[in-house]
Amino acid sequence: MKNRCFRTATPADMPRILEIIRQAQRRMAAAGSLQWQDGYPAPANIASDLAHGYGHVICRSGQDTPKRGQDEAAKLVPANATAGKDSPDERYPDANGNPDPAVETILAYGAIVFDGEPAYEALDGTWLTDSPYVVVHRLAVADEALGHGLGTEFLNRTEQLARRRGIGSFRIDTNFDNLRMLHILSKNGFTRCGKVVYRSGEREAFEKRIDSGE
């Protein structure tokens, strides 16, 4: 899956994001996981992400769209590229400045938050650090993109954003029975630190120290 880009999500992305969330909910149910089976994440959660600038997406750019040449395709920032600002927004805009769905397909969504997570203040356990951190919530991958490492790619891109801000900690949580996410966190160097409690129940909490990249 080449020619991917990573960018901040826009309101125009909402229908596709909700589709991916519903796909993830169905997969969790089929796997016997209790996570995301109570209506969360709801459209209001995603709308709030977008309003605060938290929502980010990984996209696949189109290759057979007419009237789009190689020079324009180069404007899309690959998901493994290094950019000079928090989220690259070099994308094909429509008349309103939104991404053009004719030339890209959203494959993964997540909320990247630098404002902290209140539930983490009451961790039943011990965090690795006491420093400012980034957290990812509501990470989901489209059905057709499974098996291509997009969960790991999203986490790596989040680390890049945090590193550029001078943030040295990455925190995240998931359900005890979300085996796919637990595997992704394990292979990407996250350490289990304890449990946190939300309205919907307990979650396993993880943290990873982010190196400076020097």
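The model shown is predicted, which means the values in this text are computed figures rather than measured ones.
- Salt bridge status for Arg163 with Glu159: present, with a side-chain N to carboxylate O gap under 4.0 Å.
- Residues Ile167 and Val136 are members of one and the same hydrophobic cluster, defined by side-chain heavy-atom contacts under 4.5 angstrom among Ile, Leu, Val, Met, Phe, Trp and Tyr.
- Counting only heavy atoms from C-beta outward, the side chains of Leu139 and Leu155 approach each other to under 4.5 Å.
- Clustering ILVMFWY residues whenever any of their side-chain heavy atoms sit less than 4.5 angstrom apart, transitively, puts Met14 in the very cluster that holds Ile106.
- Between Ile210 and Ala162, the closest heavy-atom pair is CD1-CB, 3.6 Å.
- Shown here are the side chain to side chain contact (heavy atoms under 4.5 Å, CB included) partners of His52, two or more places apart in sequence or in another chain: Ser48, Tyr54.
- Using modelled atom types, no side-chain atom of Asn175 and backbone atom of Asn178 make a donor-acceptor pair closer than 3.5 Å.
- In terms of heavy-atom proximity, Ala145 sits nearest to Leu150 at CB-CD1, 3.3 Å.
- Here the side chains of Met181 and Met28 are not in contact, with every heavy-atom distance at 4.5 Å or above.
- For the pair Gln25 (side chain) and Tyr40 (backbone), a donor-acceptor distance under 3.5 Å is present.
- In this structure, Arg165 is positioned above the aromatic face of Phe114, its NZ or CZ under 6.0 Å from the six-membered ring centre and within 45° of the axis.
- Smallest separation of non-hydrogen atoms from Tyr198 and Ala119: CE2-CB, 3.7 Å.
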(message) Using salt bridge (Lys or Arg N to Asp or Glu O under 4.0 Å), reason through Glu104 and Arg4 one step at a time and then give a plain yes or no.
(response) CA-CA 9 Å; Glu104 66 173 33; Arg4 290 197 293 265; over 6 Å; no

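- Atoms CG and CZ, from Leu185 and Phe206 in turn, are 5.5 Å apart once rounded to the nearest 0.5 Å.
- A donor-acceptor distance shorter than 3.5 angstrom exists from the side chain of Ser61 to the backbone of Asn3, with no hydrogens or angles considered.
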(message) Pair Asp173, Tyr120 - check side-chain contact (heavy atoms from CB on, under 4.5 Å), show working.
(response) CA-CA 9 Å; Asp173 62 82; Tyr120 290 178; 2.5 Å; yes

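- For the pair Trp36 and Pro41, the minimum side-chain heavy-atom distance is below 4.5 Å.
- Put simply, the side chain of Leu161 reaches to within 4.5 Å of the side chain of Ile112, judged on heavy atoms.
- Between His56 and Phe154, the two ring planes are perpendicular [angle over 60°; tilted spans 30° to 60°].
- Shortest non-hydrogen contact noted between Pro132 and Ser169 is O-CB, 3.6 Å.
- Annotation: the span from Ile17 atom CD1 to Ile46 atom CD1 amounts to 6.5 Å, rounded to 0.5 Å.
- Annotation: side chain of Pro43 is in contact with side chain of Leu18 (closest heavy-atom distance under 4.5 Å).
- Distance check, rounded to the nearest 0.5 Å: CD of Glu207 to OG1 of Thr191 gives 8.0 Å.
- Of all the heavy atoms in Ile21 and Ala140, the pair that sits closest is CD1-CB, 4.0 Å.
- Two residues are said to be in side-chain contact when any heavy atoms from C-beta on lie closer than 4.5 Å; Phe190 and Ile172 meet this criterion.
- Crowding of Asp115 atom CG: a count of heavy atoms from other residues, nucleotides or ligands under 6.0 Å exceeding 12.
- A chain of hydrophobic side-chain contacts below 4.5 Å, direct or via other Ile, Leu, Val, Met, Phe, Trp or Tyr residues, connects Val141 to Ile58.
- Taking Asp49 as the reference, Arg138 meet the salt bridge (charged side-chain N to carboxylate O under 4.0 Å, His left out) condition, with sequence neighbours excluded.
- For the pair Phe170/Thr158, a side-chain contact is recorded, criterion being any heavy-atom separation below 4.5 Å from C-beta on.
- For the 3.5 Å distance criterion, the side chains of Thr10 and Arg7 fail to qualify, holding no donor opposite an acceptor.
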(request) Take Thr174 and Gln35 through the test side-chain contact (heavy atoms from CB on, under 4.5 Å) and record every step on the way to the result. (result) CA-CA 8 Å; Thr174 192; Gln35 190 168 354; 3.2 Å; yes

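- Of the possible polar contacts, none joining the Asp13 side chain to the Ala9 backbone as a donor-acceptor pair under 3.5 Å is found.
- No donor-acceptor contact under 3.5 angstrom links the side chains of His148 and Glu153, judged on distance only.
- Under a 3.5 Å cut-off, the side chain of Asn45 and the backbone N or O of Ala42 do form a donor-acceptor pair.
- Criterion: ILVMFWY side-chain heavy atoms under 4.5 Å apart, direct or through other members. Under it, Val135 and Leu123 are part of a common hydrophobic cluster.
- Atom-to-atom distance recorded for Asn188:CG and Lys208:NZ is 5.5 Å, nearest 0.5 angstrom.
- The cluster map of Ile, Leu, Val, Met, Phe, Trp and Tyr, joined by side-chain heavy atoms under 4.5 Å apart, puts Phe6 and Leu107 in the same cluster.
- To the nearest 0.5 Å, the span separating CG on Leu182 from CZ on Arg192 amounts to 10.0 Å.
- Electrostatic pairing of Glu19 and Arg16 counts as a salt bridge here, judged by a charged N lying under 4.0 Å from a carboxylate O.
- Taking CG of Leu128 as the reference point, atom SG of Cys193 lies at 4.0 Å (rounded to 0.5 Å).
- Side-chain contact check for Arg203 versus Lys195: every heavy-atom pair is 4.5 Å or farther apart.
- For the pair Arg171 and Tyr133, the cation sits on the ring face: its NZ or CZ lies under 6.0 Å from the ring centre, inside 45° of the axis.
- No more than 12 heavy atoms of other residues, nucleotides or ligands lie within 6.0 Å of CZ in Arg180, so this atom counts as exposed by the packing criterion.
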